[in-house]
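Contents: one structure, followed by commentary.
Just so you know, these numbers come straight off a predicted model, no measurement behind them. Below, read A as the first sequence line, B as the second, and so on, with proteins coming before strands; counting in each chain starts at 1.
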Number of protein chains: 2
Amino acid sequence: MRLTTKGRFAVTAMLDLALRETGGPVTLAGISERQGISLSYLEQLFGKLRRAQLVESVRGPGGGYTLARTVAEISVADIIVAVDEPVDATQCGGRENCHDNHRCMTHDLWTSLNATIFDYLSKISLASLVDNQKAKDTSVVQDQRTLRRTAACSDAIAGSNAA
Amino acid sequence: MRLTTKGRFAVTAMLDLALRETGGPVTLAGISERQGISLSYLEQLFGKLRRAQLVESVRGPGGGYTLARTVAEISVADIIVAVDEPVDATQCGGRENCHDNHRCMTHDLWTSLNATIFDYLSKISLASLVDNQKAKDTSVVQDQRTLRRTAACSDAIAGSNAA
DNA sequence: GCAATAGTTGACTAAATTACTCGGAATTAG
DNA sequence: CTAATTCCGAGTAATTTAGTCAACTATTGC
């Protein structure tokens, strides 16, 4: 479990996707434009997200990405694990070949700490982020663009909650 | 708040220090040998830990480092923040210069998530890690045969960093 | 005072990772 | 067919990680 900007990008992109997927597949070009993340980088990230079965893709015109599960079934931990390679830096890589009586020190310390952080992030679903985001949006109504987006978000939430 | 191997090294080193400081200042050379972390790298890390006032140094023969506070007053979060540069990757760096109506999305998401993780790690003190470690040590008493493996293990660690 | 010990600092470097670009191939709607 | 879009691999600049090296300062023991 690492926490880097890579994981943040992925979560941001997934949140954007979650907020819009009722209108059919969402293109990476759109996410790129809205979130200020380069298209090519998104392609890499979504390649991993797809292989982790968090999203599904539709090729061709009108294609794009959709969530492979409901927003309630996708956690922040899922996303971060999908894009941040395992790496599992317990130094001995799970094997017990560290120092003699010190071998468990780094090992147990980080495996348990990792487990707890992972556990914590597993309980934060995309659904809760969407809700939070929706609350922010409606409380800061600015112009037409925001209004349109808010409406779309409401649909997105209603639609995916029903499923 | 990032979680990288750098922070892990620092926490490991601090734990080693906490476990031994009753016998006076602990040298970096000792920590280096026991934990398999290069001396020069430890120098860098402890420079930061000292500037963050988590440790105090004693120069000259018999010198080394001691904790600047009690083990109960030092948290894992303190250590990680001390060595992992701020970076604060909210993309807009705290300023509100992100995209128009999307600016708060990444921003709020990560500041709140960061805060929660930070909060969590703030509650894990060195004292609890020390207690945990002591329990492990006494329950898994090693014998002389194990001690000889130490040298070989250092090599194993150096090699497995690539993985 | 001298020598040994140990921290302090800064400059430097190799390797890895991050964040990204480019070019093209596969797929599919219209 | 053509355009839109994902898919894929190679390449790359910037950054970070992890570590080296050398010179320096402070302290202690003799």
Find the distance [X]:[atom1] to [N]:[atom2] and express it as a whole number of Å.
| X | N | atom1 | atom2 | value |
| --- | --- | --- | --- | --- |
| I80(A) | dT18(C) | CD1 | P | 13 Å |
| L3(A) | dT17(C) | CG | C1' | 16 Å |
| E33(A) | dT5(D) | CD | P | 12 Å |
| Y41(A) | dC22(C) | OH | P | 17 Å |
| K6(B) | dG19(D) | NZ | P | 12 Å |
| D84(B) | dA18(D) | CG | C1' | 13 Å |
| L45(B) | dT20(D) | CG | P | 13 Å |
| F9(A) | dT18(C) | CZ | C1' | 9 Å |

Inset, instruction - For Y120(B), enumerate each residue passing the ring pair (Phe, Tyr, Trp, His ring centres under 6.0 Å) test, keeping only those at least two apart in sequence or located in another chain. - result: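 Listed in chain order: nothing, the list is empty.
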
Inset, instruction - Could you grab the distance from atom CD1 of I31(A) to atom CE of M14(A), nearest 0.5 Å is fine? - result: 9.0 Å

Inset, instruction - Tell me what L39(B) touches on the nucleic acid: a base, only sugar-phosphate, or nothing, going by heavy atoms under 4.0 Å. - result: nothing

Inset, instruction - State whether K6(B) and D84(B) are salt-bridged, where the test is any N-O pair (Lys NZ or Arg NE/NH1/NH2 against Asp/Glu carboxylate O) under 4.0 Å. - result: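 Not counted as a salt bridge, because no side-chain N and carboxylate O are separated by less than 4.0 Å.
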
Legend entry - Between D119(B) and S122(B): side-chain donor-acceptor atoms closer than 3.5 Å: no

Inset, instruction - Consider only side-chain N and O atoms of S128(A) and D131(A), and report whether a donor and an acceptor are under 3.5 Å apart. - result: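 S128(A) vs D131(A): no donor-acceptor pair found between side chains.
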
Legend entry - Shortest side-chain distance from S40(A), nucleotide among dA4(C), dT21(C), dG19(D): dT21(C)

Legend entry - Proximity to the side chain of T27(B) - top-ranked nucleotide from dA6(C), dA29(C), dC20(C): dA6(C)

Legend entry - Whether over 12 other heavy atoms sit under 6.0 Å from E43(A) CD: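 Yes, the 6.0 Å shell around CD holds more than 12 heavy atoms from other groups.
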
What N/O pairs connect the protein and nucleotides 7-9 of chain D at under 3.5 Å? Give each pair on its own line.
residue : atom : partner : partner atom : Å
dC7(D)  : OP1  : R50(A)  : NE           : 3.2
dC7(D)  : OP1  : S57(A)  : OG           : 2.3
dC7(D)  : OP2  : R50(A)  : NE           : 3.4
dC7(D)  : OP2  : Y65(A)  : OH           : 2.2
dC7(D)  : O4'  : R59(A)  : NH2          : 2.9
dC7(D)  : N4   : E43(A)  : OE2          : 3.2
dC8(D)  : OP2  : R50(A)  : NH2          : 2.8
dC8(D)  : N4   : E43(A)  : OE1          : 3.0

Legend entry - Parallel, tilted or perpendicular: rings of F9(A) and Y41(A) (30°, 60°):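 Answer is perpendicular, since the angle exceeds 60°.
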
Inset, instruction - Return the 5'-most residue of the pair G60(B), G7(B) with respect to DNA chain D, ranking by each residue's nearest nucleotide. - result: G7(B)

